Amino acid sequence: MIREELLSCLRNGKTISGEEFSRRFGLSRAAVWKTVDSLRKEGYVIEARTGLGYRLVKTPDVLSEQEIRSFLGQIEIVGKDLYCFDEIDSTNTFIKKLSVSGGREGAVAVANCQTAGRGRMDRTFQSPKDKGVYLSVLLQPDMAPEKSLTVPAMAGVAVCNAIERVCGARPGLKWPNDPVLNGRKVCGILTEVSLEGETGKIQFLTVGIGINVSQTDADFSPDVAKMATSLVQELKHPVSRPAMAAALIEELDRLYINLKQGNSRDYLEACRRDCVTLGKQVRILSAARRNPPEAGQDRPSNPDEETVTAIDLDDQFGLIVRDSHGNQRVIRSGEVSVRGLYGYTD
Ligand code: BTN
């Protein structure tokens with residue numbers, strides 16, 4: 001497409017005259033001008049310098065395939081197929097549908113906005129327009145379901161790596177896999193597994209990641225605002241969403257190749273280092289125990305929660321905890337919510 005070719009000529013910072021474009025692409029000068037004009041309407045800032053030509057000054061902060069690919073390096077599996085949406089119900093739902101209609105392993109869906117974003121434990125994930133990176137990937141590892149328990153850890157480390165690369169600050173991970181900055185959640189990760197009925201083998205996994213990039217408190221509902229934040233809120237500088245999406249795709253690609261080769265050691269080690277839950281006293285809220293205490297009810301006397309000390313992660317990414325009687329046990333993600341004694345992480 002002429003639009004893409006024109007843009008990629010301009011991306012290297014060169015100034016190119018309308019005449020040269022016309023010659024290169026066999027177009028009239030008016031057709032070149034029309035293309036430049038429509039790019040400007042999409043948010044590209046293109047300077048026209050008399051006697052010299054066109055120069056690309058600024059690209060828009062949109063999650064379009066072209067913008068994401070302009071930041072994307074070499075990838076092998078994740079991101080080869082890239083589906084970009086201005087608005088969608090949920091990128092996880094899209095990927096699940098895609099998997100049954102022949103979608104390729106590594107296919108990625110990215111959206112500027114979700115109208116029915118889903119979170120863990122049947123919660124909704126607020127996904128306001130143009131404020132976050134909402135991305136899901138289709139994974140089809142040939143492995144037993146129990147081996148896939150480390151996939152959420154892989155996704156958590158991929159997010160921390162991507163944020164560190166793009167923003168220069170590394171989040172911590174609140175177990176199981178909430179990337180946090182200054183004790184508040186900056187990203188949500190939802191891993192969903194589909195198993196074959198007869199064999200119990202993994203059919204596919206959908207890993208959905210929502211990074212809060214430029215939300216303010218007003219973008220979150222009051223209950224979410226207490227524990228959520230965004231990169232811009234914490235780091236106080238602008239963050240490019242297409243650059244973030246591209247870095248995330250690259251990190252997922254690299255770590256997923258490791259996972260397929262049976263090498264989960266590296267990202268599990270990174271996960272242990274990043275995990276802000278370890279060494280802390282935490283409250284465990286099981287599925288039946290998730291409702292907050294009634295007004296006036298004392299936290300410690302609530303029979304629906306338990307305070308334990310988080311000690312370590314096991315090789316399947318379970319949280320090893322010690323209870324008040326000194327007994328150790330392993331908690332698997334999905335069965336509980338973990339909270340700090342005084343806040344979301346602490
Ligand atoms: C959580 O924190 O509870 C997990 C939230 C996961 C949100 C992401 S956004 C992209 C993908 N699509 C969804 O509907 N959910 C995930």
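Atom set for the values below is all heavy atoms of this structure, side chains included, hydrogens, waters and symmetry mates excluded. Whatever order the structure lists them in is the order used to number ligands and atoms, beginning at 1. From a predicted model like this one, the values you see are computed outputs, not experimental measurements.
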Are the side chains of F25 and V32 in contact, using a 4.5 Å heavy-atom criterion?
no
Short side-chain to backbone donor-acceptor contact, D253 and I77, under 3.5 Å:
yes
For a side chain to side chain contact (heavy atoms under 4.5 Å, CB included) check, start with the C-alpha distance between L231 and L181, then their side-chain angles and the critical distance, and finish with the verdict.
CA-CA 8 Å; L231 294 173; L181 277 173; 3.8 Å; yes
Within 45° of the six-membered ring axis of Y344 and under 6.0 Å from that ring's centre, is NZ or CZ of K174 located there?
yes
Are K96 and F204 side-chain neighbours, meaning at least one heavy-atom pair lies under 4.5 Å?
yes
Pairs under 3.5 Å, nitrogen or oxygen of ligand 1 with protein nitrogen or oxygen:
unit_1   : atom_1 : unit_2 : atom_2 : d
ligand 1 : 2 (O)  : K185   : NZ     : 2.5
ligand 1 : 3 (O)  : R120   : N      : 2.6
ligand 1 : 12 (N) : T91    : OG1    : 3.1
ligand 1 : 12 (N) : Q114   : OE1    : 2.9
ligand 1 : 14 (O) : S90    : OG     : 2.7
ligand 1 : 14 (O) : R118   : N      : 2.7
ligand 1 : 15 (N) : R118   : O      : 2.7

Could you check whether the rings of W175 and F317 sit parallel, tilted or perpendicular, using 30° and 60° as the cut-offs?
tilted
